[in-house]
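The chains referred to below are lettered A, B, ... by the order of the sequence lines, with proteins before strands, and numbering in each begins at 1. Just so it is clear, the structure is predicted and the values come from calculations on it, not from any experiment.
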Amino acid sequence: MGELKLMKGNEALAEAAIRAGADAYFGYPITPQSEVIEYLMAEKPHERTGMVVLQAESEVAAINMVYGAAGAGKRVMTSSSSPGISLKQEGLSYMAGAELPCVYANVVRGGPGLGTIQPSQADYFQSTKGGGHGDYRQIVLAPASVQEMSDFVKLGFDLAFKYRTPVLILSDGVIGQMMEKVELFDQMPRLKDEEIAENFEWATTGRKKGTERTIITSLALQAHEMEAHNLHLQAKYKTISENEVRFETFDCEDAEYIIVAYGSSARIAQKTVQIARKKGIKVGLFRLISLYPFPSADLQKLCKQGVKGFLAVEMSAGQMVEDVMLAVKGCAKVEHFGRFGGIIHTPEEVLKALEQKIIGG
Amino acid sequence: MGELKLMKGNEALAEAAIRAGADAYFGYPITPQSEVIEYLMAEKPHERTGMVVLQAESEVAAINMVYGAAGAGKRVMTSSSSPGISLKQEGLSYMAGAELPCVYANVVRGGPGLGTIQPSQADYFQSTKGGGHGDYRQIVLAPASVQEMSDFVKLGFDLAFKYRTPVLILSDGVIGQMMEKVELFDQMPRLKDEEIAENFEWATTGRKKGTERTIITSLALQAHEMEAHNLHLQAKYKTISENEVRFETFDCEDAEYIIVAYGSSARIAQKTVQIARKKGIKVGLFRLISLYPFPSADLQKLCKQGVKGFLAVEMSAGQMVEDVMLAVKGCAKVEHFGRFGGIIHTPEEVLKALEQKIIGG
Amino acid sequence: MTEELIIAGFGGQGVLSMGKILAYSGIMQEQEVSWMPSYGPEMRGGTANVIVIVSDERISSPILTIFDTAIILNQQSMDKFEKSVRPGGVLIYDPNGITRHPERTDINIYQVEGARLASEMGNAKIFNMVILGAYLKVKPIVKLDNVIKGLMKSLPVRYHKLIPLNEDAITMGMKNVVDKNIVN
Amino acid sequence: MTEELIIAGFGGQGVLSMGKILAYSGIMQEQEVSWMPSYGPEMRGGTANVIVIVSDERISSPILTIFDTAIILNQQSMDKFEKSVRPGGVLIYDPNGITRHPERTDINIYQVEGARLASEMGNAKIFNMVILGAYLKVKPIVKLDNVIKGLMKSLPVRYHKLIPLNEDAITMGMKNVVDKNIVN
Amino acid sequence: MAKVRGAIVVDVQKCKGCGVCLSACPTSVIELAKEVNGKGYHFAYMEQPEACTGCSNCAIVCPDGVITVYRVKLNSNK
Amino acid sequence: MAKVRGAIVVDVQKCKGCGVCLSACPTSVIELAKEVNGKGYHFAYMEQPEACTGCSNCAIVCPDGVITVYRVKLNSNK
Amino acid sequence: MTNLTLEDIIKPENLVHERTKLMTDKTLSYCPGCGHGTAHHIIMEVIEELDMQEQTIGVAPVGCSVLAYDFMNIDMQQAAHGRAPAVATGIKRVYPNKIVFTYQGDGDLAAIGTAETIHACNRGENIVIVFVNNGIYGMTGGQMAPTTLPGMKSSTSPYGRDVHDMGNPLKMTELVAQLPGTYFVTRQAVHTPSAVRKAKRSIRKAFENQRDGNHGISFVEIVSNCNSGWKMTPTDSNVWMVENMLPFYPLGDIKVDGKLL
Amino acid sequence: MTNLTLEDIIKPENLVHERTKLMTDKTLSYCPGCGHGTAHHIIMEVIEELDMQEQTIGVAPVGCSVLAYDFMNIDMQQAAHGRAPAVATGIKRVYPNKIVFTYQGDGDLAAIGTAETIHACNRGENIVIVFVNNGIYGMTGGQMAPTTLPGMKSSTSPYGRDVHDMGNPLKMTELVAQLPGTYFVTRQAVHTPSAVRKAKRSIRKAFENQRDGNHGISFVEIVSNCNSGWKMTPTDSNVWMVENMLPFYPLGDIKVDGKLL
Ligand SMILES: Cc1ncc(C[n+]2csc(CCOP(=O)(O)OP(=O)(O)O)c2C)c(N)n1
Ligand SMILES: Cc1ncc(C[n+]2csc(CCOP(=O)(O)OP(=O)(O)O)c2C)c(N)n1
Ligand code: SF4
Ligand code: SF4
Ligand code: SF4
Ligand code: SF4
Ligand code: SF4
Ligand code: SF4
Ligand SMILES: [Mg+2]
Ligand SMILES: [Mg+2]
């Protein structure tokens, strides 16, 4: 068993970066996630593992530093919160286009605009569909505990390098700021420069004489090359969709109703399920872990098993609910419930919504 | 009848800005839309109407200049293409949050990343769902002709000020670069400073003694204020959804199959319909004009009228098709066809896809 | 066993670290814990509060609106959280700076003069440990041993010499907590 | 009537403006027109081409792969677009710089020595007007009057004095276009 | 020998007890109160009112702008 | 009197006929050809080959790097 | 000499200093002793004295002064982090006759907003930029700023700023003074009465410049404490500022009437 | 004197100048006579001469040189518009022993990338920045750049740059020379053989600096023509450059071994 600690989600994320053998973190402070870089700076990871930590002049610079280091085959991370993530969209689109691996975290706060620093889940669309320009996707993992803030860093790097894609850890102010017990995984070694040069032939590490040079780019001036590259990307996303769906269910076996939720909303919804079960309501929780790929087929299955209604619970005006609808394809009722703009729904409110919108409605 | 000209879409957009009484344009060059600022600079709109044109140091600066001038009640415009639009996402989220009107154009090129400068429609998700952070929407108009590049500027300003929201003219390289006949609307007067101060009490024009000051902000530190603001925004979006749906149909009356498309794809699909009708295939074109709000109810209606299948045709890997699915709710078959990454499908390809995926499939 | 607790007061009173020590104590006896601070604008010179849950089971929501226990350390928090204690629950408060004392009759109310006791002990900083002591007297959810272990875990090593002082403060709190339902 | 035309050559040959004048001419006789250039990387020192559609009806797709007519002004464009003329359609080309002449037999092929004629007229810039003349001889889709009007519309006023020269060039092209199907 | 007398009024509820005015006062008029205001701050007050010359230094540096200053010129013939 | 003789080889197909080498040549060796290469450019060539000293100036400024330079030292006793 | 009571002195006719009406009644959200408050007051006093409030539009940054519009009783816009100069450009270009100023922190102006700052200065926008340099990111909890001194501790330089790794403190004020687009560039402070008076004169000059001609940027840096971020008492922080910040960021005019001094 | 034929001269043993092997065989995508090509060649020659290719990673910008990686036969990354210094920072920080350089245009480096340029320079990243200043946005069709000269025409200043409205040309090179993080700052050109030789020496010095110690930024500006954007023939554009650009952007070293000249 790994080391047990009481940590904030943000701190666990930072510690996990060191332990996952990250080579670098580039970031810019923003509430509610500044503890990530603060923790890293205090830990002197350069002395622990040789990991580099640099405070960039902006989020735009940070994501482009990530691009550079990732393009050279290194394990790189960044993190920010909503407005800062918006600024990173061009860079992320470039990374997706150039097929560069990285792990980045969005500790979401309420928007739009400067908004509030309170927790929110209103960046779901940005994370799973929109965001930057062009036809690209990124793997999105939604931790619901401090433990997962740590675990998903490791998982994230695995997936990022497996598929050469940015992986987003979509967290929020609750998960970032809360402390929980966390079992830290053991320190993993950082790859040596020679290992990188050997393992990642796509990485720019200097052209050895007598070999071909390596290029990192997202440019394809000729449309047919660009289309070919896009088809390649789409094929990759298909593979990801087939292999990397992750979710968790609670009390779904006999459920007539399902709450679909992720992250801190899922924590709250789990409490709702507990209360509801005590009241005799047959409700289960379908907790998304991967938001992209979305577990459409698994929700479909539940639908076919006779679930009568799905309540999508999220701290937004209704974003994930669209994916639930697309999955369920009209075969059961789908409704949305959420507080938003920084307000967190209570378990009791969720229950009431379930009763009114799904059971009663 | 207004003045008849042969113009590029980009030029028509620029000329329309002057004629619509725009007070300012702030932009940064990027292919395939640099003609917008070039045309404006050549036209000396400052002499024609007093309109200001400024080349900003970046897209980020440009959108924030737009924010400032819009916050002061002026009619402001910007434009860019995909990577530049990604950089504007934070600013757009701020504008949505602060409820500022503006018209901006994305002359889309192929992505992700630097991509290609060839036309694309792969920024649909970014335009209609994601993009910036937080729960906000923007009105999205998709011109399919040079004429509409002009007309939608006027319409866009009307809507932007009616609802105090950014309005996106989602164009692409085809519409931006092609020339067509365009009937220019007559010059509209720019509002005088006094008229602005009088009509737009929300605008910062200087606090008259004895009156309350005006503040433009998207900040609401307290979560309950933030939620209240979000509820207000959502209510506004609902009104927009009810009142501002725009679309056009061709040969849909007796159609068994419907092609759904927008922008240059719709032009191509119209040719497909012509060819198909000659072959006796009962197909119609449902051309979206407003992408947000999306004409869900109207597609539903067609579905109920007995349409057997919908083919979503877009120059992307499949984005708008999700909205078609959400609208159709499983009551008819929905498939996607599109070339992408800068390749434009031909009318013949679309017909083949219709035959294979919808009719035959 | 599940204890759902809120500790609320001014920034600077040690609210957050008290919660942290309690949470660590729970870990020491192999329980599940969560610690969720309020954060944000109210932090700067304003109120600070933290929700701590200690449980034998996996904790679902770390954010609650109803609590088993509320520890209240200033008037603003009293106004906000007195009503959030579930019927039959516990409210512990320091009367120092309280202008309106708690009025509910369906909960168990305790009082401890933490500020006075801490300053009498010559160290205003151990205020929060006095309060913790009072709480543990009323709700002995974690063993004192484990609290000490929790302290060791949450204090940097260079402060471990202060642990005996903290222990004294806890004992002081335990001794001086007053059951208001009985007293009044 | 619908004419779907591609004009393809080098950048600098006036391909785009020739298309523009034609499109304007269409407008002058109240027809629908579209003008869609290739743009992008191939522009810099490379090929330039434009698709022009003139029609009595609303134009659907401005981008086509099959054309009624192709005007071809260099070898690269010949290689690319000879095959894009629909059977029965027209191909007009300037033999200057052409190393492989068109080979199709199911289309009507015309030749005009635009470069030579223009330089004989003492002004290489009217090259594209000579070509336009050749085209209009073969496909009189717009009236000469309207072409002149189109010229006036697309040239800045300070160049209007050049219109007679342009007219001469058009006439020159009309006179010198050669039907290759007959000649060969 | 003072030709002027001054006085300050501190908006006690808005004073944050930062003490910046104390160091700015050339005649050491101001002290922080033992008591606290509603926000818990030890507010500033005139401990030596007679020494105040109404020079406004305290008011000028008060970050919260909570000091109002009054000043009377004492005519020699008064 | 020349102690050296030089010669250049222009990669005719890659030359863009920009003329930059012309102005760089101290002995006016180079001219642009009347003919064009495959890309349509009037390529550079040695119009006065005997004047070339192999100084490499042309090659150094050629933006396209299409000039190769050779040089022979002429021994006086040869 | 005289037995004047306080009541005799505290009378409307004896008033010599009161809070300007251009500050709202709201309690400032700043920490006790924070220089932001003083900076706010003098700007508003100047605008009042120049009777400019009807023409003035202020731009608040993201930083501790994000809520400046809660306190400055004039029309204001809240800009995205770092973008205040672009926002101000937008306003000024469409209202050349209005008075526009930005109020920005060092993180805002010298880190994320570097490009907007340099280019607004380079274009010579006829606006005022007030730049409050406290050597740290106050709002987000005391992270290192571009202006943090060598060796200075912050939450992201917990062992002190290592210039080799983290770069040197950036003297944006000296930098923008190099640009032809700046007309008046000065560095001031607000920790003592005389400093405040000088700072206020500079601010006044800045606004007068804007009013009196299209001269370009008037740029007023105010070196200030961030006692919370520095983890000191307010008065200690002012002492520390004098001893550490001012030697590095010397006070005084750098460029006047378009001429470098 | 001698009757040597060309065949006698053109022999491998007489070779004195050939295209460096570190340039690929691809035809450069630049317009005829564009200085980008020359700049490419000398950088690659230096890397070859210093035998650095195995350690070198280049960063290409967005601009006409976006395809630099098609021509430079070394490992390269293509950066987003303006972000090359950040990308290079990312690489260099994780590979302190490799040689990293950016190649950027004036729009890229001095407009959208201003913040990244200033901060990489201020942090003193141990990299080389090659800055090709042609006073215009070449790639996108000749729009005004921050470096466009007063009165100079471009597609977005068709009546000439009006400095009052559009700002003054920005001398980024002089600006970054002010920062302690820059170690070597110079301005060169490539329009004549002697200019090319000097420019190459500067580039060599820049790379040697990076190799020999962690000194900070070596910044080499190359003033170049953009004959397409300027709408001139290549040779005319070089003359125009000498007459107009060089007086404003004088050639020569600005900072050597960390000392301003
Ligand atoms: C895009 C973006 N990035 C980061 C932040 C977080 N943030 C808010 S204020 C601030 C720095 C404030 O520092 P400074 O400008 O020096 O102002 P001060 O608080 O010190 O007055 C940061 C990084 C943000 N709100 N938006
Ligand atoms: C974010 C973004 N904005 C704008 C562009 C369009 N763009 C491409 S290159 C360029 C300017 C190039 O000018 P410069 O850096 O001077 O390079 P040059 O072509 O002159 O060598 C611009 C604006 C882009 N690709 N990305
Ligand atoms: S300076 Fe102002 S806020 Fe500070 S103690 Fe004095 S009166 Fe109070
Ligand atoms: S007005 Fe002057 S003398 Fe009076 S308290 Fe203030 S600083 Fe002291
Ligand atoms: S410089 Fe090079 S490309 Fe230009 S003409 Fe001479 S050889 Fe040809
Ligand atoms: S090598 Fe020297 S002399 Fe020979 S052609 Fe070139 S520049 Fe002229
Ligand atoms: S954190 Fe610093 S800058 Fe912000 S209000 Fe407090 S003292 Fe002032
Ligand atoms: S456009 Fe200008 S910079 Fe670009 S390749 Fe041509 S001459 Fe060079
Ligand atoms: Mg600061
Ligand atoms: Mg350039």
Grab the two heavy atoms, one from [X] and one from [Y], that are nearest each other, plus how far apart they are.
{"X": "Gly131(A)", "Y": "Gln89(B)", "answer": "O-CG, 4.2 Å"}
{"X": "Ser93(A)", "Y": "Gly113(B)", "answer": "OG-N, 2.8 Å"}
{"X": "Ala223(B)", "Y": "Gln118(A)", "answer": "CB-CG, 3.8 Å"}
{"X": "Leu114(B)", "Y": "Ser218(A)", "answer": "N-OG, 2.8 Å"}
{"X": "Tyr136(B)", "Y": "Pro112(A)", "answer": "CD2-CB, 3.8 Å"}
{"X": "Ser86(B)", "Y": "His133(A)", "answer": "OG-ND1, 2.7 Å"}

Heavy-atom pair count under 4.5 Å with chain A, highest-scoring of [options]:
{"options": "Leu231(B), Thr128(B), Leu219(B)", "answer": "Leu219(B)"}
{"options": "Asp123(B), Ile343(B), Leu92(B), Thr217(B)", "answer": "Ile343(B)"}
{"options": "Pro119(B), Ala96(B), Ser316(B)", "answer": "Ser316(B)"}

Check whether [X] gets within reach of chain A through its side chain, its backbone, both or neither, counting any heavy atom under 4.5 Å.
{"X": "Ile85(B)", "result": "neither"}
{"X": "Glu322(B)", "result": "both"}
{"X": "Ser120(B)", "result": "neither"}
{"X": "Leu233(B)", "result": "side chain"}
{"X": "Ala317(B)", "result": "both"}

- If you count the non-hydrogen atoms of other residues, nucleotides and ligands that lie under 6.0 Å from NZ in Lys352(A), is the total more than 12? no
*Check whether more than 12 heavy atoms from other residues, nucleotides or ligands sit under 6.0 Å from atom NZ of Lys329(A), and answer yes or no.*
no
Could you check if a side-chain atom of Gln234(A) sits within less than 4.5 angstrom of a side-chain atom of Phe340(B), using non-hydrogen atoms only? yes
Cut-off 4.5 Å, heavy atoms of chain B, and the answer for Arg339(A) is both
Proximal component of Gln319(A), with respect to chain B [non-hydrogen, under 4.5 Å]
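Contact with chain B involves the side chain of Gln319(A) alone.
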Self-check item: Backbone of Met315(A) reached by a side-chain donor or acceptor of Asp135(B) within 3.5 Å
Solution: no
Do you know which of [options] has the most heavy-atom pairs with chain B at a distance under 4.5 angstrom?
{"options": "Ser82(A), Gly342(A), Gly330(A)", "result": "Ser82(A)"}
{"options": "Ala220(A), Gly115(A), Ser81(A), Cys331(A)", "result": "Gly115(A)"}
{"options": "Gly341(A), Gly130(A), Gly318(A)", "result": "Gly341(A)"}
{"options": "Gln126(A), His229(A), Glu227(A)", "result": "Glu227(A)"}
{"options": "Ala122(A), Ala98(A), Gly97(A)", "result": "Ala122(A)"}

Rounded to the nearest 0.5 Å, the CE atom of Met325(A) sits from the CE atom of Met325(B) at a distance of 15.0 Å
- List the steps, then state whether side-chain contact (heavy atoms from CB on, under 4.5 Å) holds for Leu326(B) with Leu326(A). CA-CA 6 Å; Leu326(B) 284 169; Leu326(A) 284 169; 3.9 Å; yes
